[in-house]
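Structure record follows, encoded as structure tokens.
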Amino acid sequence: METNKQVRVRFAPSPTGGLHLGGVRTVLYNYLFARQHNGKFILRIEDTDQTRFVEGAEQYIYDCLHWCGLTPDESPLTGGPFAPYRQSERKPIYYNYALQLVKAGYAYYAFDTPEELEAMRERLKAANSHSLQYDHHSRMGMRNSISLSEEETIQLLENGTPFVIRIKIQPNETVICNDLIRGEIHFDTSAVDDKVLLKADGMPTYHLAVVVDDYLMQITHAFRGEEWLPSAPIHILLWQYLFGLDNMVKWAHLPLILKPDGNGKLSKRDGDRLGFPVYAMNWTDPVTGELTKGFKETGFLPEAFNNLLSQLGWNDGTEQEIFSMSELIEKFSLQRVHISGAKFDFEKAKWFNHEWIKSASAKRLLPDITTLLNNNGIDTGNKNLFEIIDLIKDRCTLLTDFIEHTRYFFIPPKTIDVASIAQKWDEKKKTFFESLIPIFEKAEEWNSITIETLFKAHASTHEIKIGELQMILRVFLVGCKAGPGVFHITTILGKEDTINRIISGIKQL
RNA sequence: GCCGCGUUGGUCAAGGGGUUAAGACGCCUCCCUUUCACGGAGGAAUCACGGGUUCGAAUCCCGUACGUGGUACCA
């Protein structure tokens with residue numbers, strides 16, 4: 001074990017649109033691990049499938065990582081010592097390695113057309129074969145450099161016949177994946193198929209590209225979703241054939257994030273169906289124009305998003321659930337990453353956000369809230385938003401809740417909830433409020449304590465219980481029975497606004 | 001079908017031979033507040049099943065069931 005090697009980890013997404021929360025969690029774990037070990041976090045773009053190119057998808061990934069604060073040390077954007085970091089720009093590299101494998105007898109040319117492959121599967125299905133794979137059973141019946149004579153192969157190659165390069169899997173061998181999270185996993189190569197390594201367009205498949213690039217970019221640890229586990233033997237064999245097992249990355253397969261109801265991997269569709277975001281940020285499909293909501297726009301704080309993601313598959317063994325980024329960097333450990341998948345619970349996700357909003361300073365929240373309110377037609381210019389945020393943040397689970405909870409500070413209620421106070425309203429109370437106005441007008445100081453004192457003194461001279469009066473005042477000011485202490489509200493509203501709303505309220509009853 | 005992985009309340013989970021099987025979310029009750037929250041105090045609810053091993057199993061072993069991932073010239 002080369003313990004002195006600098007830790008280098010990578011996130012290698014395919015830019016096909018949207019960034020799933022599971023992807024962000026993979027980024028997070030990579031990032032935490034890199035920071036904890038003073039290593040490097042690399043972003044590599046796996047764009048080898050040219051048929052799946054999506055406009056803007058790569059930029060979107062940068063935007064998401066930026067919002068989350070999980071920015072890579074090396075990427076196509078920032079560059080780095082192992083550039084290029086976009087696989088489409090590394091195309092020639094892979095061909096040479098594929099060729100090397102063919103020469104060594106670990107891979108071979110295959111000339112089968114998609115139709116022939118389909119026919120093969122049909123044939124195997126009809127024969128009741130328990131494997132429908134292109135493998136040691138079936139490859140002799142196909143058109144490839146193993147089944148064909150050398151002359152035929154050369155002829156086909158010289159004729160420019162389209163070909164792929166497939167790995168040649170030897171049956172009856174055991175490949176062991178030593179997973180950092182799950183321990184030893186054994187695979188019998190008899191059940192592994194001859195996967196395509198190099199496609200007919202000269203691009204590598206994922207299998208070849210990860211191995212080659214992880215080696216070339218000196219990656220030390222490879223974290224990826226559990227869905228990759230079945231193809232691990234291919235990658236391990238490739239490492240063995242190309243670069244040696246001693247140089248191989250250490251693998252860690254992360255548990256899946258499952259849909260809340262039923263079972264299966266959480267997908268964008270589940271979010272649409274159940275009404276919660278799955279992507280980090282809003283994503284608009286450039287072709288269909290369809291918008292998929294993101295956590296950011298739903299009103300999540302990036303601190304909360306990272307925090308909740310960190311707990312979806314890991315905990316530190318104590319009762320602590322709220323972690324700052326620096327705590328996570330300090331405490332994260334692969335040993336405590338779970339083995340089994342977790343169903344995503346949006347209620348719990350919101351709880352995390354609520355906790356972060358409650359403990360956030362008004363200063364931290366101010367820029368986000370200002371933008372949010374302004375975008376929603378609320379002019380915050382003449383009021384102390386700082387103070388308002390402090391007053392109401394406890395009742396905001398999502399950032400977007402600030403709209404509803406701050407609106408009445410800026411905009412007088414058009415109508416008030418008459419029904420909630422109508423029964424308590426009588427001539428005596430009307431007189432009380434009418435005579436309250438000149439008292440307020442004459443008030444020299446306008447703060448929560450003096451207003452309350454004035455109000456209560458006036459109530460006692462009228463011999464009315466203050467409770468009901470406060471409720472009425474609240475509805476006059478806010479429009480409904482909600483919000484923080486009513487005298488705090490009058491303070492922020494100011495004398496003029498308070499009096500105007502009382503006058504307006506009396507008129508509506 | 002075949003191969004891999006998994007299974008502690010509704011959900012997230014701690015616990016890895018002896019525990020009254022933590023805690024959190026959600027739900028319910030009460031207190032605080034003549035509002036809504038926040039906060040506080042309680043409550044209901046769990047080791048998939050069957051065999052072993054053991055004085056003793058949620059914990060170790062083997063089966064079974066169920067779930068899930070893969071089985072593309074997608075990643």
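The chains referred to below are lettered A, B, ... by the order of the sequence lines, with proteins before strands, and numbering in each begins at 1. Note that these values count all heavy atoms, side chains included, but never hydrogens, waters or copies made by symmetry. Computed from a predicted structure; not experimentally measured.
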Exercise for the section: Name the nucleic acid region contacted by A:His338, choosing base, sugar-phosphate or nothing; use a 4.0 angstrom heavy-atom cut-off, strictly under. Expected result: sugar-phosphate
note: A:Asp394, atom CG; B:G39, atom P; distance rounded to Å ~ 7 Å
More than 12 non-hydrogen atoms from neighbouring residues, nucleotides or ligands closer than 6.0 Å to CZ on A:Arg269, yes or no? no
**Request:** Determine whether the aromatic ring centres of A:Phe41 and A:Phe11 lie less than 6.0 Å apart.
**Result:** no
A correct 5'-to-3' footprint of nucleotides 69-75 of chain B, with B, S and - meaning base, sugar-phosphate only and no protein heavy atom under 4.0 Å, is BSSSBBB
To the nearest angstrom, the CG-C1' distance between A:Leu309 and B:C12 comes to 14 Å
Closest of B:U11, B:G6, B:U34 to the A:Ile339 side chain is B:G6
Notebook entry, point to check: If we take the P atom in both B:G39 and B:U20, what is their distance in whole Å?
Noted result: 32 Å
note: A:Phe487, atom CZ; B:U34, atom P; distance rounded to Å ~ 10 Å
Q) Tell me, do A:Lys428 and A:His462 make a side-chain contact under 4.5 Å, heavy atoms counted? A) no
Sticking with atom P, work out how far B:U19 lies from B:A72, rounded to a whole angstrom.
-> 50 Å
Any side-chain heavy atom of A:Asp49 within less than 4.5 Å of one from A:Lys199?
yes
ask   = Under 4.0 Å between a side-chain N/O of A:Lys259 and OP1 or OP2 of B:U68, yes or no?
value = no
note: A:Ile392, atom CD1; B:U33, atom C1'; distance rounded to Å ~ 18 Å
With side chains defined as the heavy atoms from C-beta onward, is the minimum distance between A:Leu156 and A:Phe163 less than 4.5 Å? no
| request: Between B:U59 and B:U8, how far apart are the P atoms? Round to whole Å, please. | output: 12 Å
With A:Glu468 as partner, the option from A:Lys424, A:Arg474, A:Lys429 fulfilling salt bridge (Lys or Arg N to Asp or Glu O under 4.0 Å) is A:Lys429
Separation of B:U11 atom P from A:Lys343 atom NZ, nearest Å, is 5 Å
Can a salt bridge be assigned to the pair A:Arg166 and A:Asp194 using a cut-off of 4.0 Å between side-chain N and carboxylate O?
no
Separation between the P atoms of B:U53 and B:C61, rounded to whole Å = 15 Å
Handout entry: Ring-ring centroid check A:Tyr29 A:Trp314, cutoff 6.0 Å
Key = no
Short heteroatom pairs, N/O only, protein and nucleotides 24-30 of chain B, under 3.5 Å:
from	atom 1	to	atom 2	distance (Å)
B:A24	O4'	A:Glu321	OE1	3.1
B:A24	O2'	A:Glu321	OE1	2.6
B:A24	O2'	A:Glu321	OE2	3.4
B:A24	O2'	A:Lys348	NZ	2.7
B:A24	N3	A:Lys348	NZ	3.2
B:C25	OP1	A:Trp351	NE1	3.3
B:C25	O2'	A:Lys348	N	3.4

key: Rounded P spacing from B:A22 to B:G15 in Å   = 14 Å
Between CG of A:Asp261 and P of B:C12 the distance, given in whole Å, is 12 Å
To the nearest 0.5 Å, atom NZ of A:Lys125 lies from atom CG of A:Leu132 at 6.5 Å
Are the side chain of A:Asp47 and the backbone of A:Gln87 linked by a donor-acceptor contact shorter than 3.5 Å? yes
Item to complete: Give the intermediate values and the outcome of side-chain hydrogen bond (donor to acceptor under 3.5 Å, both in side chains) for residues A:Asp112 and A:Tyr134.
Response: CA-CA 11 Å; A:Asp112 316 278; A:Tyr134 201 118; 2.6 Å; yes
Applying the Watson-Crick and G-U criteria (both distances under 3.5 angstrom) with [ ] for crossing and | for other-strand pairs, one obtains for RNA chain B ((((((((.[[[..)..(....]]].(((((.......)))))....[[[[[..)....]]]]])))))))....
Categorize A:Lys358 for me: base, sugar-phosphate, or nothing, with a 4.0 angstrom heavy-atom threshold over every strand shown. sugar-phosphate
_Atom P, compared across B:G43 and B:G50: separation rounded to whole Å_ = 30 Å
Assign each of A:Gly485 and A:Asn315 the nucleotide of RNA chain B bearing its closest heavy atom; nearer the 5' end lies the nucleotide of A:Asn315
Review point. What nucleic acid atoms does A:His186 come within less than 4.0 Å of, heavy atoms only: base, sugar-phosphate, or nothing?
Key: sugar-phosphate
Here the distance between atom C1' of B:C12 and atom CG of A:Asp316, to the nearest Å, is 14 Å
Taking B:G40 as the reference, what is the distance to B:U46 when you measure between their P atoms (whole Å, please)? 26 Å
Any donor-acceptor pair under 3.5 Å linking the side-chain atoms of A:Trp251 with those of A:Asn178? no
Distance check, P atoms only: B:C31 and B:C49, in whole angstrom units. 40 Å
Rounded to whole Å, CH2 of A:Trp314 lies from P of B:G23 at a distance of 20 Å
Heavy atoms, side chains only, cut-off 4.5 Å: are A:Phe476 and A:Gln508 in contact? no
